[in-house]
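Side-chain atoms are counted along with the backbone in the values below, which use heavy atoms only and exclude waters and symmetry mates.
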Amino acid sequence: MTSTGTNVHESPPTAGRSRRLAVLAVMCVALIAVVGMLVSLAVALPGLARDLGATEAQLQWVMNAYGVAFAGLLLPCGALGDRYGRKGALLIGLVIFAVATAAALWVDGTGALIAWRAAAGAGAALIMPMTLSVITDVFPPEERGRAVGVWSGVFGGGGLVGILVAGGLLEAYSWRSLFVFNALLAVAAVAATALVVPTSRDPHASPLDIPGAVLSVAGVASLVFAIVEGPERGWTDPLVAAGFGASAAALAAFVLWESRTARPLLDLRIFRLPGVSAGSLVIVIESMAAFGVFFLLLQYMQEILGYSAFRAGLGLLPLAAAMIIFSPSAPGLGHRFGLRAVIGLGMALIAGGLAVLSLIDAGSGFWPVLAGGALMGAGVAYAATPATDAILASLPAAKQGVAAALNDITRELGAVLGIAILGSVFNSSYRGDAGQAARSLPDPVAEVVRDSLAGALEVAARIGGEPGARLADAARDAFAAGMSNALLAGVALVAVGGVVAVMILPGRSREPATDYDVSS
């Protein structure tokens with residue numbers, strides 16, 4: 001991660017355009033597996049909640065265990081790839097991912113499922129930074145921007161592929177079939193990687209910074225734990241407070257250690273570069289918005305609109321299609337009109353999409369989902385792709401491994417925090433409103449209603465008649481209100497983050513840096 005030398009190819013680098021495109025295609029397959037596993041399970045949450053009796057907080061952990069391990073381990077895993085070879089790290093990650101995903105087929109409780117999801121996330125942490133590092137290593141500078149644009153589009157579109165496949169599988173099979181598909185996709189990526197991807201490494205890569213790795217994982221994991229458990233236990237609960245305290249202490253120790261050690265896991269001086277700091281902020285914020293929306297909208301379309309799993313996946317098509325369509329053109333617009341203009345437009349579109357989606361209530365139907373999703377998808381394309389280009393262009397060729405891993409970390413940290421923060425705002429609101437609707441019920445039954453919409457609807461069905469119908473309507477209204485509150489929180493985050501990023505950004509994108517002097 002902190003290497004200073006140039007890449008050394010252990011086999012001859014690709015020479016022809018067709019080989020480069022083949023490498024790009026293989027990296028996109030691996031990326032689809034990783035991103036698909038991050039979001040595809042969201043479409044199965046209602047069925048999973050019913051089968052395993054999971055609460056909303058447990059459902060968030062089923063989603064977040066993968067992302068926490070993923071985000072927390074990206075820095076050390078990126079360093080391992082730089083030191084020992086990116087192709088080897090990619091292959092090992094794909095094998096770990098495939099095994100952990102397949103093992104989840106036999107779980108019979110949320111605890112085991114969460115554990116295997118975390119193991120798959122560890123494998124994904126080896127995969128994702130290698131995909132972008134390989135692309136930046138294989139493609140020459142004049143082709144790199146478009147290749148990164150394709151990678152960014154696939155990052156968003158990979159979520160759609162995972163969701164659509166998940167929805168199709170759930171039409172005929174249980175939620176466990178999702179793990180079969182992702183395991184098979186990883187196996188295919190292993191074979192393709194072995195055949196077409198060249199091996200490269202950095203001969204000057206530093207030894208792995210073990211203390212920095214431990215502190216970074218502890219800080220991220222403690223933070224997400226506290227955010228997810230806050231609505232369930234109460235924000236003043238000692239365990240929640242301890243989680244926030246442990247996170248603050250670990251992250252502060254990480255910053256202190258990284259600033260003093262001779263071979264840091266992440267050289268914090270790079271954040272003095274405007275393209276790196278602003279680009280990272282933009283990617284964190286847009287990922288928070290996009291993945292928080294994935295988590296909430298899929299449940300809304302299934303539980304409120306009554307869509308099948310596959311139809312709910314199709315409901316996200318406008319969002320993901322807009323990402324794929326506009327992402328390849330975004331770097332060129334950044335060079336032509338300047339990063340501030342294009343990224344500012346992107347963040348404004350994301351905020352507008354969230355605002356439209358926040359107007360949804362239990363009787364809104366699909367049209368707000370279509371309009372808000374399309375706005376968000378275009379916004380993510382215009383914000384995230386130039387932001388990635390800004391990070392890559394801010395660092396010289398010898399530092400592209402740093403740039404790729406940093407880009408991946410900000411994306412995954414944003415995805416994890418988006419599900420955790422927006423999910424927690426939703427959960428707090430839902431539990432409060434649903435608790436009011438269930439106040440006349442016995443405490444154990446009322447707790448089922450507060451735990452999840454799926455549980456509330458089951459209780460309403462057992463009650464039956466007019467009382468049951470009133471409870472079902474109240475629970476749906478509580479869900480819609482909670483989602484609206486969460487999305488309004490997302491509008492505020494995007495607005496503030498967008499303003500700060502635009503103030504930091506240079507006016508126009510620039511050529512890749514030729515040095516790495518940030519000491520002044």
Side-chain angles (χ1 to χ4, degrees), residues 1-4 74-75 78 129 132-133 136 141 144-146 148-149 151-152 155 251 254-255 258-259 264-289 327 329-351 379-414 417 493-520:
M1 287 295 304
T2 58
S3 57
T4 58
L74 271 169
L75 273 174
L132 189 55
S133 292
T136 57
R144 190 173 298 147
R146 183 168 292 275
V148 170
W151 184 94
S152 296
F155 181 84
L251 292 177
F254 174 77
V255 170
E258 295 301 287
S259 64
L265 188 67
L266 176 63
D267 189 342
L268 299 176
R269 296 176 303 160
I270 65 174
F271 290 103
R272 298 180 188 177
L273 300 171
V276 172
S277 56
S280 299
L281 176 61
V282 167
I283 291 173
V284 167
I285 296 295
E286 64 83 12
S287 293
M288 288 176 64
S327 286
S329 64
L333 292 176
H335 283 279
R336 182 176 179 182
F337 297 106
L339 292 175
R340 286 180 180 172
V342 178
I343 290 178
L345 172 63
M347 297 297 273
L349 289 172
I350 294 171
V380 169
Y382 286 132
T385 305
T388 297
D389 195 37
I391 294 173
L392 295 175
S394 295
L395 297 174
K399 290 291 182 178
Q400 288 302 301
V402 177
L406 180 61
N407 175 76
D408 295 344
I409 291 163
T410 51
R411 286 178 185 273
E412 294 317 306
L413 187 59
L417 291 179
L493 286 171
V494 172
V496 173
V499 169
V500 173
V502 167
M503 291 175 63
I504 297 173
L505 280 166
R508 293 187 178 274
S509 57
R510 53 192 179 83
E511 294 303 315
T514 57
D515 58 41
Y516 187 49
D517 184 10
V518 292
S519 59
S520 59

Exercise. Can you find a heavy atom in the side chain of Tyr382 that is under 4.5 Å from one in the side chain of Ile343?
Worked result: no
Problem set entry | Heavy-atom pair of closest approach, residues Met503 and Arg340 | O-NH2, 4.0 Å
Seminar exercise, completed: Gly379 and Leu349 have their tightest heavy-atom pair at CA-CB, 3.6 Å
Exercise. Looking at OG1 of Thr388 and CD1 of Ile283, how far apart are the two atoms once the value is rounded to the nearest 0.5 Å?
Worked result: 3.5 Å
Exercise. Looking at Ala383 and Ile350, what are the two nearest heavy atoms and their distance?
Worked result: CB-CD1, 4.3 Å
Problem set entry | Glu286 vs Val494 side-chain heavy atoms within contact, under 4.5 Å | no
Exercise. Atom CD1 of Ile270 and atom OG of Ser280: how far apart are they, to the nearest 0.5 Å?
Worked result: 7.0 Å
For this session: Say whether, by atom type as modelled, one donor and one acceptor occur between the side chain of Ser277 and the main chain of Pro274 under 3.5 angstrom.
Result: yes
Exercise. Which pair of non-hydrogen atoms, one from Gly279 and one from Ala387, has the smallest distance, and what is that distance?
Worked result: O-CB, 3.7 Å
Seminar exercise, completed: Ser259 and Leu268 have their tightest heavy-atom pair at N-CD1, 4.5 Å
Problem set entry | Close side-chain approach of Thr410 and Ser287, heavy atoms under 4.5 Å | no
Exercise. Atom CD1 of Ile391 and atom CG of Leu273: how far apart are they, to the nearest 0.5 Å?
Worked result: 11.0 Å
Exercise. Looking at Val342 and Pro386, what are the two nearest heavy atoms and their distance?
Worked result: CG1-CG, 3.8 Å
